[in-house]
Amino acid sequence: MTEIVPKTPAAESPPPPRDPEGRMTFTAHLGELRTRMIRSIIAVLVGAIVGYIFSERITDALREPLGEVAIHSAKTEAMPPVGTEAPGAPKKSVELMVITPFEGFMVKLKISGYAGLLLALPVIIWEICAFVFPGLTATEKRIVKIMLFGGLVLALVGVSVAYFGILRLA
C-alpha cells in the first residue's frame with residue numbers, strides 16, 4: 001500500500017521586515033511610480049477615445065465664437081475699422097481649410113488628444129498627489145493643496161478670457 005504523505009511547503013524566504021515609519025525601498029518607489037504612470041496613460045487614452053467620439057462637437061464649439069465673417073470685396077472704397085462691419089456686407093460662416101489629404105484626420109486626432117489630456121487631467125493630478133503626498137509634511141501638503149486650487153482658478157479664468165474675449169476679437 002502506498003501511503004499519502006502531505007506535502008510540506010517549500011522553504012520560502014521570509015518577507016522583508018516592514019519599516020515602522022512606512023519607508024519604501026528605491027525599487028518599491030519605482031514600482032509605484034510605474035503603476036501610477038500606467039493609470040495616468042490609460043486615463044489619457046480613454047479620454048482621447050471620448051474626445052474622438054465628440055471631436056465634431058468640439059470643433060463646432062471652437063469655431064462658434066468666430067461666428068460669421070463679413071466679406072469685404074474690392075467694390076468697397078475702404079476697409080472698415082477693426083471690429084466693425086461695412087453696412088450691407090455679405091456674411092459667410094467660417095470654414096476650415098484642408099490642404100493635404102490627411103490634414104482633416106490629423107486635426108481630428110489632435111483635438112481628441114488634447115481633449116483626452118484635458119479629461120484625464122484630474123486623474124493625472126490625483127496620481128501625482130498620491131505619489132508625492134506621503135513624503136510631505138502636513139504644512140507642505142496644505143501649501144500644495146492651496147497652490148493646486150489657485151492654479152485651477154487661474155486656469156479657468158485664463159481659458160474663459162481666451163474663449164469669450166480674445167477669440168471673438170480674432
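When a residue number appears, it is its place in the shown sequence, counting from 1.
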As a quick check of understanding, evaluate side chain to side chain donor-acceptor pair (under 3.5 Å) for T27 and T25, giving each step before the final call. CA-CA 5 Å; T27 55; T25 63; 3.3 Å; yes
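Residues C129 and P134 approach most closely at O-CD, 4.3 Å, considering heavy atoms. Of all the heavy atoms in E103 and I99, the pair that sits closest is OE1-N, 2.7 Å.
L45 and I124 sit in two unconnected hydrophobic clusters of ILVMFWY residues. Membership requires side-chain heavy atoms under 4.5 Å apart, directly or through other members. The hydrophobic clustering, which links ILVMFWY residues whose side-chain heavy atoms are closer than 4.5 Å, places V123 and V50 apart.
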Under 3.5 Å, sequence neighbours excluded: what are the donor-acceptor pairs made by side chains of residues 147-156?
none

For residues 107-120, which side-chain donor-acceptor pairs fall under 3.5 Å, sequence neighbours excluded?
residue, atom, partner, partner atom, Å
S112, OG, K108, O, 3.3
S112, OG, L109, O, 2.8

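Taking CG of L121 as the reference point, atom CD1 of I125 lies at 4.0 Å (rounded to 0.5 Å). Distance check: L33 CG to H29 NE2 gives 9.5 Å after rounding to the nearest 0.5 Å. Note that CZ of F54 is 13.0 Å distant from CD1 of I49, once rounded to the nearest 0.5 Å. Distance check: M37 CE to I42 CD1 gives 12.0 Å after rounding to the nearest 0.5 Å. The line from CG of L30 to CE of M24 is 9.0 Å long, rounded to the nearest 0.5 Å. Atoms CZ and CH2, from F133 and W126 in turn, are 9.0 Å apart once rounded to the nearest 0.5 Å.
Between E64 and Y163, the closest side-chain pair of non-hydrogen atoms falls below 4.5 Å.
For residues 136-158, no residue pair satisfies the salt bridge (charged side-chain N to carboxylate O under 4.0 Å, His left out) rule, not counting sequence neighbours. Sorted by first and then second residue, the side chain to side chain donor-acceptor pair (under 3.5 Å) pairs involving residues 43-56 (not counting sequence neighbours) form an empty list. Listed by first then second residue, pairs satisfying salt bridge (charged side-chain N to carboxylate O under 4.0 Å, His left out) with a partner in residues 126-136 read R36-E127, R39-E127, not counting sequence neighbours.
Looking at residues two or more places apart in sequence or on another chain, you find a side chain to side chain contact (heavy atoms under 4.5 Å, CB included) between F164 and S160, R168.
Between D60 and R63 a salt bridge is recorded (basic side-chain N to carboxylate O distance below 4.0 Å).
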